[in-house]
Trainee: 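Attaching a single structure in structure tokens format; questions to follow.
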Amino acid sequence: MPRRAHISADIFTLMGNTRPAGMASARAAAAAPTSWCGHCGMSIAAPSTGPGSSSVRCAFCHRLARVERHRGMTLAAPSPPRADVVPAGLEVAAGYYPSVSGKKRALLVGVSYRGTAHELKGTVNDVKEMRRLLCGKFGFPGDCILELTENERDPARVPTRANLLRAMRWLVECSGSGDSLVFHFSGHGVQKLDLNDDEVDGYNEALCPADFEQSGKILDDEINETIVRPLGRGVKLHAVVDTCHSGTILDLPYLCRLSRTGYWQWENHDRPSGARKRPNGGLAISISGCSDDQKSADASGFSESSSSSIGAMTDSFIKAVEAEPGTTYGRLLSAMRARIRDGQGSRRLPGRLGSFVRWMIPSSGVQEPQLCSSEMFDIYRKPFLL
């Protein structure tokens, strides 16, 4: 059964606003207008004044946000940081999340949406399995891995919108040449109408934090700005994203089109708008659960170790990496797709005949993991290494 099913249309109306429709009445919004700090993601209360603009200082990062009121809407724009205030990212890293001295660090996020109609069962297991893979196979120090799940007792490590943005800044903060960074997200993902003309298909992709119904989703534009563009020369980022509609979730300029016969080519997703979406000299690569118009599923029911639920994409990624040490990006992507095809189609035709039919006949109902990158390379020659 689909685990990351598309959430009801009344919540995810395709509008430009990143906040879900129906979260609060117009009367409540007028009585207590709220916006979000553009630096740290914390909510800030807007002054209840008439039309015009004013400035509000964020209580968390101490930066000024200009608040403008137009026809009942509150818009906030960040101001340059004061010289006497510690930058928000450094403050977050020192006060909330572990200090990292080595060359490897990872942010693993599993959102369960506990107690809501959108609850997921296996996202915490996804995080546990990714930690095991990173530590056991790629030598990531355990104390350099930050986990955000709803099982955490520390409120700063619950995957709310504000915490997730802070943690994403922690991931890239102070990174230098030779550093390897990993971002893993398991949860719900959605699409929203693009109003900036920077998407080939006309839609933005977005991640849903635990409090998305109150605080809003995180658009691919924000993800790119936070963890892609800051990457300096020699820094490498891998994002493993197990959600619906996640094909181009990092807004990287190149999408790899791979056929079932092994033919591949890079598709340029740069737009005429000219918005800069590339790293500052580093390399960013994303491996996602499905294309932008597909849904991502749960692996329980076809995984041989099915006592606990796990995302189909996370399961296929880990199994493909473990099955072939030193694999290339092309072989990894092909192996992931084959495993998902066999698993999601196992109830139709069993055995070799079923595998052959599923390989020969494309099915729009089966998710296909995607590969995106900030630069083009030969996917069958470049080794996959975290």
Trainee: Hey, does the side chain of Arg337 reach the backbone of Pro369 with a donor-acceptor pair shorter than 3.5 angstrom?
Mentor: yes
Trainee: I need the minimum non-hydrogen distance between Met168 and Phe183, along with the two atoms involved.
Mentor: CG-CE1, 4.3 Å
Trainee: Between Ser112 (side chain) and Arg114 (backbone), is there a donor-acceptor pair under 3.5 Å?
Mentor: no
Trainee: Are any side-chain N or O atoms of Asp126 and backbone N or O atoms of Gly311, one a donor and one an acceptor, separated by less than 3.5 Å?
Mentor: yes
Trainee: Quick one: pull up CZ in Phe138 and NE2 in His238 and give me the separation to the nearest 0.5 Å.
Mentor: 8.5 Å
Trainee: Working to the nearest 0.5 Å, report the span between CG of Leu164 and CD1 of Ile218.
Mentor: 4.0 Å
Trainee: Among Asp251, Asp270, Asp220, exactly one meets salt bridge (Lys or Arg N to Asp or Glu O under 4.0 Å) together with Lys277. Which residue is that?
Mentor: Asp251
Trainee: Within 45 degrees of the ring normal and closer than 6.0 Å to the centroid, is that where the cationic atom of Lys382 sits relative to Phe377?
Mentor: yes
Trainee: NE2 of His269 to CG of Leu252: how many Å apart, nearest 0.5 Å?
Mentor: 10.5 Å
Trainee: With heavy-atom distances below 4.5 Å as the criterion, would you say the side chains of Asp378 and Tyr329 are in contact?
Mentor: no
Trainee: Whether the side chain of Ser175 engages the backbone of Val172 through a donor-acceptor N/O pair (distance < 3.5 Å, no angle test) should be reported.
Mentor: yes
Trainee: How many angstroms lie between OG in Ser316 and CE in Met336, if you round to the nearest 0.5 Å?
Mentor: 3.5 Å
Trainee: With the 4.5 Å side-chain cut-off for hydrophobic clustering, are Ile310 and Val124 part of the same group?
Mentor: no
Trainee: Step by step, work out the salt bridge (Lys or Arg N to Asp or Glu O under 4.0 Å) result for Arg257 and Glu267.
Mentor: CA-CA 7 Å; Arg257 295 294 187 185; Glu267 183 176 280; 3.1 Å; yes
Trainee: With a 4.5 Å limit on heavy-atom distance, are the side chains of Ile340 and Asp315 in contact?
Mentor: no
Trainee: Could you please spell out the steps behind the side-chain contact (heavy atoms from CB on, under 4.5 Å) verdict for Trp170 and Leu146?
Mentor: CA-CA 9 Å; Trp170 167 87; Leu146 173 61; 3.7 Å; yes
Trainee: Is there a side-chain contact between His184 and Leu107 in this structure, where contact means two heavy atoms from C-beta onward sitting under 4.5 Å apart?
Mentor: no
Trainee: With sequence neighbours left out, write down each residue that passes side chain to side chain donor-acceptor pair (under 3.5 Å) with Arg331, or none if nothing qualifies.
Mentor: Glu324
Trainee: Would you mind listing every side-chain hydrogen bond (donor to acceptor under 3.5 Å, both in side chains) that reaches into residues 227-237, with sequence neighbours excluded?
Mentor: Asn224-Arg229
Trainee: Is the shortest heavy-atom distance from the side chain of Ile287 to the side chain of Val241 under 4.5 Å?
Mentor: no
Trainee: Applying side-chain contact (heavy atoms from CB on, under 4.5 Å) to Glu368 and Arg260, what does each step give before you reach the verdict?
Mentor: CA-CA 11 Å; Glu368 291 196 320; Arg260 295 195 179 184; 3.5 Å; yes
Trainee: We want to know whether Glu205 and Thr248 form a side-chain donor-acceptor pair, criterion being a heavy-atom distance below 3.5 angstrom.
Mentor: yes
Trainee: Can you find a heavy atom in the side chain of Leu332 that is under 4.5 Å from one in the side chain of Phe317?
Mentor: yes
Trainee: Looking at Gln367 and Cys290, what are the two nearest heavy atoms and their distance?
Mentor: CB-CB, 3.8 Å
Trainee: Can you name the closest pair of heavy atoms from His188 and Tyr113 and give their distance?
Mentor: N-OH, 2.9 Å
Trainee: May I ask you to test the Asn163-Tyr97 pair for a side-chain heavy-atom distance under 4.5 Å?
Mentor: yes
Trainee: Quick check: is Leu255 connected to Leu283 through a chain of hydrophobic side chains (ILVMFWY, heavy atoms under 4.5 Å apart)?
Mentor: no
Trainee: Got Thr123 and Thr149 here, is their nearest side-chain heavy-atom distance under 4.5 Å?
Mentor: no
Trainee: Check for a donor-acceptor pair, side chain of Lys104 on one end and backbone N or O of Leu386 on the other, with a separation under 3.5 Å.
Mentor: yes
Trainee: In the single-linkage hydrophobic clustering (I, L, V, M, F, W, Y; side-chain heavy atoms under 4.5 Å), do Val127 and Val182 co-cluster?
Mentor: yes
Trainee: Given Leu258 and Tyr263, is the side-chain contact (heavy atoms from CB on, under 4.5 Å) satisfied, shown in steps?
Mentor: CA-CA 6 Å; Leu258 176 65; Tyr263 175 78; over 6 Å; no
Trainee: For Thr160 and Asp211, test the side chains for any donor-to-acceptor distance below 3.5 angstrom and give the result as yes or no.
Mentor: no
Trainee: Could you tell me whether a side-chain N or O of Ser246 sits under 3.5 Å from a main-chain N or O of Gly289, the two making a donor and an acceptor?
Mentor: yes
Trainee: With a 4.5 Å cut-off on side-chain heavy-atom distances among I, L, V, M, F, W and Y, is there a chain of contacts connecting Ile318 to Leu333?
Mentor: yes
Trainee: Let me confirm one number: the OG1-CD distance from Thr314 to Glu129, rounded to the nearest 0.5 Å.
Mentor: 9.5 Å
Trainee: Taking the basic N atoms (NZ, or NE/NH1/NH2) and the acidic carboxylate oxygens, is any pair closer than 4.0 Å for Arg161 and Glu222?
Mentor: yes
Trainee: Less than 4.5 Å apart, any side-chain heavy atom of Leu250 and any of Leu237?
Mentor: yes
Trainee: Between Ser374 and Ala284 (side chain of the first, backbone of the second, donor and acceptor by atom type, cut-off under 3.5 Å), is there such a pair?
Mentor: yes
Trainee: Looking only at heavy atoms, which two atoms of Met313 and Asp242 are closest? And how far apart?
Mentor: CB-OD1, 3.4 Å
Trainee: Closest heavy-atom contact between Val235 and Gly176?
Mentor: CG2-O, 3.2 Å
Trainee: For Arg157, is there any backbone N or O sitting under 3.5 Å from a side-chain donor or acceptor partner on Glu152?
Mentor: no
Trainee: Between Phe185 and Val111, does the side-chain contact (heavy atoms from CB on, under 4.5 Å) criterion hold? Intermediate values first, please.
Mentor: CA-CA 8 Å; Phe185 182 93; Val111 192; 3.8 Å; yes
Trainee: Going through the checks in order, is the salt bridge (Lys or Arg N to Asp or Glu O under 4.0 Å) test met by Glu322 and Lys137?
Mentor: CA-CA 8 Å; Glu322 291 179 332; Lys137 189 170 183 64; over 6 Å; no
Trainee: Measure the CZ-CG distance between Phe212 and Leu207 for me, rounded to the nearest 0.5 Å.
Mentor: 12.0 Å
Trainee: Which heavy atom of Ile145 sits nearest a heavy atom of Leu134, and at what distance?
Mentor: CD1-CB, 4.3 Å
Trainee: Do the side-chain N and O atoms of Ser286 and Ser288 include a donor-acceptor pair separated by under 3.5 angstrom?
Mentor: no
